[in-house]
Amino acid sequence: AAAIAGTTELLVSLPPDAESEGGAGDAALDLHRDALINFGGALRWVGYLSTTGVYGDRAGGWVDEESELHPSHPRSRRRVAAEQGWLRLWSEENHPVHIFRLAGIYGPGRSALNAVRSGTARRIEKPEQKFSRTHVEDIANVLEASIARPHPGRAYNVCDDEPAAPADVTAYACELLGIEPPPLTKLESAEMSEMAQSFWQDNKRVSNRRLHEDLGVRLAYPDYRRGLRAILEAERRG
């Protein structure tokens, strides 16, 4: 409690785990809810980092922040419970809570470029499968914009403007590096971990219109091509 006393902006990036299911859904909230309530007058902004996985599978259809939540996997159901726990802190205690549903995160040191260089990149073929993604710098931009223009109780999808097939992203990374792309492998014949397989079960396009309209955010990297080019250019500048 002493460590967070007097906090004015609080960002929670801790993922929920199975042990938190019996409480508020989030370990930080389970441990510190009373402390937050007791000094809540100092809080000007609270942000909880969630995931677009809370929407589940939409067979390639679009979702926005008003879409019903239909999580497909236990870890996504835990995210929904965590979101609800933090939003109760807003509805019951009037704390300025905001939810940020992040798509697949990439950035320097964590992108398709790294996978291609390491030889771990694959191109999985699943017709019409799309994923949304977001550059880590744009996550920071969105959070800063929300702190400057708070809308308590709001959820925001944090992703770029162009949902895309992972195979296309890998192919573009190979093009930038001057490397022949790996062959396409059908999903049913690809050997993947249980975690990796679960990602492919959900197929949706995520709208980010609210972060543009509510927060006035202009993404630094509105699509994966600009994001990957910028990472490579920064690497080459050293």
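Side chains included, hydrogens not; waters and symmetry mates left out as well; all remaining heavy atoms used. Computed from a predicted structure; not experimentally measured.
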Could I get the full list of side-chain contact (heavy atoms from CB on, under 4.5 Å) partners for Val80, not counting sequence neighbours?
Val54, Leu69, Pro71, Gln84

Taking the six-membered ring for Trp and the full ring for Phe, Tyr or His, determine whether the centres of His98 and Tyr156 are under 6.0 Å apart.
no

Are Asp57 and Lys204 close enough for a salt bridge, meaning some N to O gap below 4.0 Å?
no

Under the criterion side-chain contact (heavy atoms from CB on, under 4.5 Å), I'd like the reasoning laid out for His151 against Arg149: C-alpha separation, chi angles, the key distance, then a yes or no.
CA-CA 7 Å; His151 293 268; Arg149 192 185 297 184; 3.8 Å; yes

Are Ile99 and Trp45 connected in the hydrophobic side-chain network, where two residues link if heavy atoms are under 4.5 Å apart?
no

Heavy atoms of Leu49 and Arg79 approach each other most closely as O-NH1, 3.0 Å

So for atom CZ, which belongs to Arg209, do other residues, nucleotides or ligands contribute more than 12 heavy atoms lying within a distance under 6.0 Å?
no

Shortest non-hydrogen contact from Thr52 to Ala103?
OG1-CA, 3.8 Å

Hey, does the side chain of Asp138 reach the backbone of Asn141 with a donor-acceptor pair shorter than 3.5 angstrom?
no

N/O donor-acceptor pair under 3.5 Å between Glu65 side chain and Asn157 backbone:
yes

Answer yes or no: is there an ion pair linking Glu66 with Arg210, defined by an N-O contact shorter than 4.0 Å?
yes

Main-chain N/O of Ser67 paired to Asp64 side chain as donor or acceptor, under 3.5 Å:
yes

Considering residues, nucleotides and ligands other than Glu213, do more than 12 of their heavy atoms fall under 6.0 Å from its CD?
yes

In terms of hydrophobic clusters joined by side-chain contacts under 4.5 Å, are Leu211 and Val206 together?
no

Thinking salt bridges, do Arg101 and Glu83 make one under a 4.0 Å N-O criterion?
yes

Do you know which two heavy atoms are closest between Ser72 and Gly56, and how far apart they sit?
OG-CA, 3.5 Å

Same apolar cluster (I L V M F W Y, side chains within < 4.5 Å links), Val169/Tyr221
yes

Near Arg117 CZ, under 6.0 Å, is it more than 12 heavy atoms from other residues, nucleotides or ligands?
yes

Looking at Glu68, I want to see if its CD is surrounded by more than 12 non-hydrogen atoms of other residues, nucleotides or ligands under 6.0 Å.
no

Using 30° and 60° as the class boundaries, would you call the ring planes of Trp86 and Tyr48 parallel, tilted or perpendicular?
parallel

What pair of heavy atoms forms the shortest contact from Pro222 to Asp160, and how long is it?
O-CB, 3.3 Å

Under a 4.5 Å side-chain heavy-atom rule over Ile, Leu, Val, Met, Phe, Trp and Tyr, are Leu219 and Phe100 clustered together?
yes

Treating Asn38 as the side-chain partner and Asp34 as the backbone partner, does any N or O pair qualify as donor plus acceptor under 3.5 Å?
yes

Arg133 vs Glu162, test: side-chain contact (heavy atoms from CB on, under 4.5 Å). Steps then yes/no.
CA-CA 8 Å; Arg133 54 195 51 77; Glu162 185 181 334; over 6 Å; no

Between Ser146 and Leu215, the two heavy atoms sitting closest are CA-CD2, 3.9 Å

Residues His70, Tyr55; criterion ring-ring contact (aromatic ring centres under 6.0 Å, His included); working and verdict
CA-CA 5 Å; His70 295 293; Tyr55 297 113; 9.6 Å; no

Close side-chain approach of Asp223 to Asp161, heavy-atom, < 4.5 Å:
no

Over all heavy atoms of both residues, which pair between His95 and Leu36 is shortest? Give the atoms and the distance, please.
NE2-O, 3.0 Å

Less than 4.5 Å apart, side chain to side chain, heavy atoms only: is that true for Thr185 and Arg123?
no

Criterion side-chain contact (heavy atoms from CB on, under 4.5 Å) on Gln201 and His73, from CA distance to verdict
CA-CA 9 Å; Gln201 292 172 15; His73 314 292; 2.9 Å; yes

Do Trp90 and Ile37 belong together in a cluster built from hydrophobic side chains that touch within less than 4.5 Å?
yes

Keeping the roles fixed (side chain from Asn114, backbone from Ser111), state whether a donor-acceptor pair exists under 3.5 Å.
yes

